[in-house]
Asker: 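Sharing a structure with you now.
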Amino acid sequence: MQGKDELRHQKILEKIKNFRLFEDDLESTSLLLQIILEKSDIQAVKSISQKNVKNLQGRSIRLDVQAEDKNGILYDIEIQRADDGAGAKRARYYSALLDANVKEPGKNAVNLPETYVIFITENDVFGRNHPLYHIERLCTEDNVLFNDFAHIIYVNGASRDESPLGHLMHDFSCSNPDDMKYKVLADRARYFKQNEDGEKRMCKAMEDLIEEEKNDRSIEIAEEMLKDDSLSLKKIAQFSKLPLEKVEELAKKLQLQMA
């Protein structure tokens, strides 16, 4: 019988397996994008899992995997098990975040890069039995594409046919690297599942993630308490378990927003 620590260890490994497959592994990320977009020449030059980006209010939002290819196209890859985590407005929000976090937007919006938000879902969230759903803006009067170069794609993880995409979705749900179809993904999964160094890296990443989530929650509590003028900054720091310096920083930011 497995002990509580071992069960927790296994859950940690499973939870971040798909995220870690693509972090700093450009070959795996390139393969994923090539299959979903059906473009064999895509070459990723950057791939970061659990990337924190800021919205216009300065609040950090975590993207599952953020990637960039050799042509400067940006990708946000979201891996969703729950259907309600892949709603239309969430996709719209993530697309906006990619635009808002361009390093050098300049004054000319023409310089905005092409972007893709890709949701890989466990189920067919639209229920129309398509392996892929491509979402594009268009002019409704004549059905001509708007061509703003902001794309949204939903990948139906339940589609498991013998196509390249079907094989990819099989590998996403596969717990045994020896049963995977793609050697690139199998080798990467084997490293994190069967290699001691790989397991340590995954566990450290998960511990960091849990700590970040705790900190985010403390910040949310402090921000709500700061709206009550009767509470001192010292008292807010005590209840939120944040350093007083951090609470003072949040208070200054709130004052600027209200000015």
Side-chain angles (χ1 to χ4, degrees), residues 1-51 62-70 75-83 85-86 116 118-125 131-132 153-210:
M1 181 180 292
Q2 292 181 313
K4 287 184 178 180
D5 289 342
E6 187 175 351
L7 286 172
R8 177 177 177 273
H9 177 70
Q10 291 300 325
K11 286 180 180 179
I12 287 175
L13 295 182
E14 182 63 27
K15 185 170 182 180
I16 62 175
K17 176 186 69 176
N18 286 335
F19 301 147
R20 302 298 287 182
L21 283 176
F22 305 104
E23 180 172 37
D24 297 327
D25 188 71
L26 303 181
E27 190 175 10
S28 296
T29 304
S30 297
L31 174 68
L32 174 81
L33 296 173
Q34 288 168 8
I35 292 172
I36 293 175
L37 274 67
E38 298 182 359
K39 295 180 180 179
S40 60
D41 62 340
I42 293 178
Q43 181 180 339
V45 296
K46 183 186 299 182
S47 182
I48 305 172
S49 68
Q50 297 299 296
K51 173 71 179 294
R62 187 176 292 110
L63 304 182
D64 285 351
V65 180
Q66 184 175 5
E68 181 179 342
D69 71 13
K70 63 181 180 180
Y75 304 87
D76 168 29
I77 305 165
E78 296 294 320
I79 303 168
Q80 294 289 338
R81 290 193 176 276
D83 292 353
Y116 284 85
I118 300 172
F119 279 98
I120 300 175
T121 61
E122 187 172 21
N123 304 308
D124 183 356
V125 294
L132 291 170
I153 298 177
Y154 284 80
V155 183
N156 176 6
S159 181
R160 309 279 176 82
D161 57 20
E162 292 303 310
S163 68
L165 182 65
H167 286 176
L168 180 67
M169 292 302 97
H170 166 274
D171 287 359
F172 258 71
S173 64
C174 192
S175 59
N176 185 355
D178 295 336
D179 294 333
M180 289 184 169
K181 307 287 187 180
Y182 289 104
K183 185 178 184 302
V184 170
L185 299 182
D187 289 344
R188 185 71 169 167
R190 194 173 289 112
Y191 169 71
F192 286 115
K193 192 176 183 68
Q194 300 175 0
N195 182 284
E196 184 178 353
D197 180 59
E199 289 194 9
K200 286 180 180 178
R201 283 183 60 188
M202 279 213 299
C203 290
K204 177 62 168 61
M206 193 60 192
E207 289 169 1
D208 291 345
L209 178 60
I210 291 171

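Hydrogens, waters and symmetry mates are skipped; everything else that's a heavy atom, side chains included, is used. All of these numbers come straight from a predicted model, not from anything done at the bench.
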Asker: Is Glu78 reaching over with its side chain to a backbone N or O of Phe119, donor-acceptor style, under 3.5 angstrom?
Answerer: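 No.
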Asker: Rounded to the nearest 0.5 Å, how far apart are CD of Gln34 and NZ of Lys39?
Answerer: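 Answer for the CD-NZ pair, Gln34 versus Lys39, is 11.5 Å.
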Asker: Restricting to non-hydrogen atoms, name the atom on Ile36 and the atom on Leu132 that form the minimum distance, rounded to 0.1 Å.
Answerer: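 Nearest pair, atom of Ile36 first, then Leu132: O-CD1, 3.7 Å.
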Asker: Between the side chains of Asp69 and Tyr75, is a donor N or O closer than 3.5 angstrom to an acceptor N or O?
Answerer: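 A pair is found: one side chain offers a donor N or O, the other an acceptor, under 3.5 Å apart.
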Asker: Using only atom types and a distance under 3.5 Å, with no angle test, would you say the side chain of Asp171 pairs donor to acceptor with the backbone of Tyr182?
Answerer: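 Yes: the side chain of Asp171 pairs with the backbone of Tyr182.
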Asker: List the atom of Ala189, the atom of Met180, and the distance in Å for their closest heavy-atom pair.
Answerer: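 That would be CB-CE, 3.7 Å.
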Asker: Please tell me whether Thr121 and Asn123 have a donor and an acceptor in their side chains that are separated by less than 3.5 angstrom.
Answerer: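 The criterion, which ignores hydrogens and geometry beyond distance, is not satisfied for Asn123 and Thr121.
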Asker: With rounding to the nearest 0.5 Å, note down the distance linking CD1 in Ile77 to CG in Leu33.
Answerer: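 Here the interatomic distance stands at 5.0 Å.
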Asker: Could you check Leu37 against Ile153 for side chain to side chain contact (heavy atoms under 4.5 Å, CB included), going step by step and ending with a plain yes or no?
Answerer: CA-CA 9 Å; Leu37 274 67; Ile153 298 177; 4.1 Å; yes
Asker: Pair Leu165, Val155 - check side chain to side chain contact (heavy atoms under 4.5 Å, CB included), show working.
Answerer: CA-CA 9 Å; Leu165 182 65; Val155 183; 3.9 Å; yes
Asker: Can you tell me how far the CD1 atom of Ile35 sits from the CG atom of Leu168, to the nearest 0.5 Å?
Answerer: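 Those atoms lie 4.5 Å apart.
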Asker: Check whether any side-chain N or O of Tyr154 sits under 3.5 Å from a backbone N or O of Ala86 as a donor-acceptor pair, and report yes or no.
Answerer: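 Yes: the side chain of Tyr154 pairs with the backbone of Ala86.
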Asker: Does the side chain of Glu122 come within less than 4.5 Å of Gln80's, by heavy atoms?
Answerer: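 Heavy-atom side-chain distance check fails, nothing below 4.5 Å.
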Asker: Between Asp64 and Ile79, is there a donor-acceptor pair closer than 3.5 Å when you use the side chain of the first and the backbone of the second?
Answerer: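 Yes, the answer is positive, given that a donor and an acceptor are paired below the 3.5 Å cut-off.
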Asker: Roughly how far apart are Ser159 OG and Met169 CE, rounded to 0.5 Å?
Answerer: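 CE of Met169 is found 8.5 Å from OG of Ser159.
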Asker: Around atom CD of Glu27, are there more than 12 heavy atoms from other residues, nucleotides or ligands closer than 6.0 Å?
Answerer: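 It does not: Glu27 CD has 12 such atoms or fewer within range.
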Asker: Roughly how far, to the nearest 0.5 Å, is OG of Ser30 from CG of Asp25?
Answerer: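 Reported to 0.5 Å precision, the distance equals 8.5 Å.
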Asker: Inspect the contact between Lys70 and Asp41 and indicate whether a charged nitrogen and a carboxylate oxygen are less than 4.0 angstrom apart.
Answerer: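 No, this pair does not count.
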Asker: Supply the atom-to-atom distance Ile42 CD1 to Leu31 CG, rounded to the nearest 0.5 angstrom.
Answerer: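 Interatomic distance, Ile42 CD1 to Leu31 CG, rounded to 0.5 Å: 10.5 Å.
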Asker: Could you tell me whether Lys183 atom NZ has more than 12 heavy atoms of other residues or ligands within 6.0 Å of it?
Answerer: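 Not more than 12 within 6.0 Å, no.
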Asker: Mind running side chain to side chain contact (heavy atoms under 4.5 Å, CB included) on Lys181 and Cys174 for me, showing each step along the way?
Answerer: CA-CA 10 Å; Lys181 307 287 187 180; Cys174 192; over 6 Å; no
Asker: Any side-chain heavy atom of Arg160 sitting closer than 4.5 Å to one from Ser173?
Answerer: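 Yes, their side chains come closer than 4.5 Å.
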Asker: To check you understand the geometry: which heavy-atom pair defines the closest contact between Ala158 and Asp124, and what is its length?
Answerer: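 So the minimum-distance heavy-atom pair works out to CB-N, 4.4 Å.
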Asker: Could you walk me through whether Leu185 and Leu32 pass the side chain to side chain contact (heavy atoms under 4.5 Å, CB included) test, one step at a time?
Answerer: CA-CA 9 Å; Leu185 299 182; Leu32 174 81; over 6 Å; no
